[in-house]
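Order of the sequence lines fixes the chain letters, A, B, ..., with proteins taken first and strands second; residue numbering starts at 1 for each chain. Only a predicted model underlies this, so the values are computations on that prediction, with no experimental measurement involved.
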Number of protein chains: 2
Amino acid sequence: MKTTIISIGDEILIGQTVNTNSTWIGQQLSLLSIQPYEVICCSDNADHIVQSLDRAAVQSQIVLMTGGLGPTKDDITKKTLVDYFHTELELNEALWERMQAIFAQRGKAVVEMNRSQAMIPKACTLLPNQRGTAQGMWFERDGVVFVSMPGVPHEMKHLMEHEVIPRLRQRFTFPSIVHATVMTAGAGESTIAHKLSDFENQLPHFIKLAYLPELGVVKLRLTGSGSADVEQTVLAQKEKLKTILGRLVYADGEEKLEVHLGKLLLARNATVSCAESCTGGLISHLFTSVPGSSAYFEGSVISYSYAVKEKVLGVKKETLQTHGAVSEPCVLEMLDGLLQLNNTTFGIAVSGIAGPGGATDDKPVGTVWIAVGNSTTRLAQKFQFFPSRTENIRVFAHAALNMLRLFMLEH
Amino acid sequence: MKTTIISIGDEILIGQTVNTNSTWIGQQLSLLSIQPYEVICCSDNADHIVQSLDRAAVQSQIVLMTGGLGPTKDDITKKTLVDYFHTELELNEALWERMQAIFAQRGKAVVEMNRSQAMIPKACTLLPNQRGTAQGMWFERDGVVFVSMPGVPHEMKHLMEHEVIPRLRQRFTFPSIVHATVMTAGAGESTIAHKLSDFENQLPHFIKLAYLPELGVVKLRLTGSGSADVEQTVLAQKEKLKTILGRLVYADGEEKLEVHLGKLLLARNATVSCAESCTGGLISHLFTSVPGSSAYFEGSVISYSYAVKEKVLGVKKETLQTHGAVSEPCVLEMLDGLLQLNNTTFGIAVSGIAGPGGATDDKPVGTVWIAVGNSTTRLAQKFQFFPSRTENIRVFAHAALNMLRLFMLEH
């Protein structure tokens, strides 16, 4: 079922608005086993909208439009649709009465501009907008369905859920598509691809593997369609993939690393705290970005300076003088001091060089020492990452979370 | 100068990735006075990529592509471009040596897949990617420029800033446009718009004012074009705007709040530390995301639990029992304990309810107490923000930074 999404609005093209509408619609269509064929973002311009409609009509059976339905001058989608479908506007009395009632209820005066929003093209099926004054409209021509929706995200979503998707389900029969997602941490895209090269070669033709790398984690997605046993096959292939990747896999299904760690900690009724130097609070921020994290996250010491490392965490002056802050002895002492101070089940200590400054001959930018442990066992490891500060901080933080995950598998 | 942006990748179409790349590119093009004509999101499919290229070539002089350049099988952009431009791949020796050196430095083995990324189409100008292994490529045909960039945002941005935009400036002549940006913190978009309504009405027709709200700050941009005295007029209007907004303005020109605070602290040879509860490390992360921040940022205590508040910061048990953690006495005691512990010139203490849990009748989600001060003066203030956790944490952190900025204006 080929589908084109048309996002109308200058604000999207010039980057004032992120086009989250097409993202959300894409997610909803995927659940219906439709992969959108194309997203077109065009300006508030009649000719451009017509061009986009023409193209969409040729290449798809479903055309979903958002935006350009407001009451102001620059919103010209409705007028363009009237011309495109050779129809005319007429006042929808029921709608107009409902709009007047809503305005009266809010104590606002109805102006002429509002009445224009109750003018609906004769050729369309009205999809009433329960959340605003710009209405949804459903047109059909030559077997192609065209739906126009307002661009305000919560209005569009309400219309999609309550009007558009139910009608699409009635109007079309959808093939079955199966997705399976696996989350990995601890290796980059090319390393994983190398490990999976034989696996990819043996995949049946109706299953595709996609690599979706983010900073610090790589998401893998298997997608299958067009075969009777697609569901079992995708699931079996997913298990095979998990076996090949072993401990690189941290979750089955979409899940952030910090969410996964939170579940591990909760399941063991354990707590965690951090001693962060170069990551400067990001690990703590990731932990606490998860709702309910106060059940396992106690707190942290951000020991950016030597003084805080010594005074709050009890790192020895000699350690800093002899080995420097980016060293195995330093992160181990940070970890000891942290566990003594906060008394948590597990602890993480990180010290590294995010850059651009701070590098030495034997410690280039991107060097980081990470220690994880509990009251009886401690583990320290050195990593070497990239030359960019922002990415380093994020990658360091994810490496630390992943190291704690691996430690918790054995302790 | 008509420009089409092509975003390649199934993950965009099915909504697994928000297309922030086209948003960012749209912003950059606007600064060059280009409004992108169209954004096309298409799948990782050679035919579809070719169709999109054909269409873009007809309707534009500049075609900017992102995505589909990874080392794995589903990334087919490069192969498609080779066919499209009737050219072939050849190994770029210099690039290959540089890639091997980088891998060696990181102690990683180079695999065959990496070598494929050093294979570059003969017909293109290589735009070296300093941030990753997928290279940028610049093609020209019949007066149309086609640029292919990797989809990883920080790699694409670096390429745009250091290669693509400078080359576009050389290749084309852009009409002269003058931008002036002013940064504000401490008020929302509608409050600022209300204060600026007379100002907007008196603006000459060749100057436009844009509101670019981000969480916690609002950027205001004046854009002028098409008049001989446009530069002086924009600058004069900017001064007028700054006078109207007064202390809401924290910087002239684009600058993050944490960067601005860093400059203020450096100029006074002062230091800062934080006691963070609900912000969970984000304020520290913002401070330390700025290169060179170790000159003024000492460290922080993330006191998520009552225990850490008491033990590390010395908050009294009675204070927590009587007033709760989200209270004026608590944040003032957190601040006192922090300044005693870290001995910095200035301190910030924050305790609030980010949600979704933790609310009480008199302290709804979005309530936050913030204290700032130095060794002699302390100031505490309560704020009430929104019902969403993610936004609250960010808005709380920015409110705290802004409160320290205002405190530093007088102390």
Name the member of [options] that forms the most heavy-atom pairs with chain A at distances under 4.5 Å.
options                               : value
B:Glu38, B:Gln59, B:Gln35, B:Gln28    : B:Glu38
B:Val301, B:Leu13, B:Asn19, B:Thr3    : B:Leu13
B:Gly151, B:Cys41, B:Ser305, B:Gly299 : B:Cys41
B:Glu276, B:Glu298, B:Gln27, B:Glu11  : B:Glu298

Within the structure provided, determine whether [X] and [Y] are in side-chain contact (heavy-atom separation under 4.5 Å).
X        : Y        : value
A:Gln16  : B:Ser30  : no
A:Ile302 : B:Ile302 : yes
B:Ile14  : A:Arg221 : yes
A:Ile12  : B:Val39  : no
A:Thr23  : B:Val18  : yes
A:Asn342 : B:Val308 : yes

Shortest non-hydrogen contact from [X] to [Y]?
X        : Y        : answer
B:Ser284 : A:Gly281 : CB-CA, 4.4 Å
A:Arg389 : B:Val290 : NH2-O, 3.6 Å
B:Tyr304 : A:Phe297 : CD2-O, 3.5 Å
B:Tyr37  : A:Gln51  : OH-OE1, 3.1 Å
A:Pro364 : B:Gln105 : CB-NE2, 4.4 Å

Measuring heavy-atom distances to chain A, does [X] have an atom under 4.5 Å in its side chain, in its backbone, in both, or in neither?
X        : value
B:Phe287 : neither
B:Ser303 : backbone
B:Ile40  : both
B:Thr17  : backbone
B:Leu29  : neither
B:Val312 : side chain

Answer yes or no: is there an ion pair linking A:Glu391 with B:Arg131, defined by an N-O contact shorter than 4.0 Å? yes

**OP:** Answer yes when A:Lys208 and B:Asp10 have at least one side-chain N-carboxylate O distance shorter than 4.0 Å, and no when they do not.
**Re:** yes

- Looking only at atom types and distance, does a side-chain atom of A:Lys311 sit under 3.5 Å from a main-chain N or O of B:Leu341, one as donor and one as acceptor? yes

Open item on the list: Taking NZ in B:Lys219 as the centre, count heavy atoms belonging to other residues, nucleotides or ligands within less than 6.0 Å. Is the count above 12?
Closed with: yes

| Does A:His194 NE2 have over 12 foreign heavy atoms under 6.0 Å away? | no

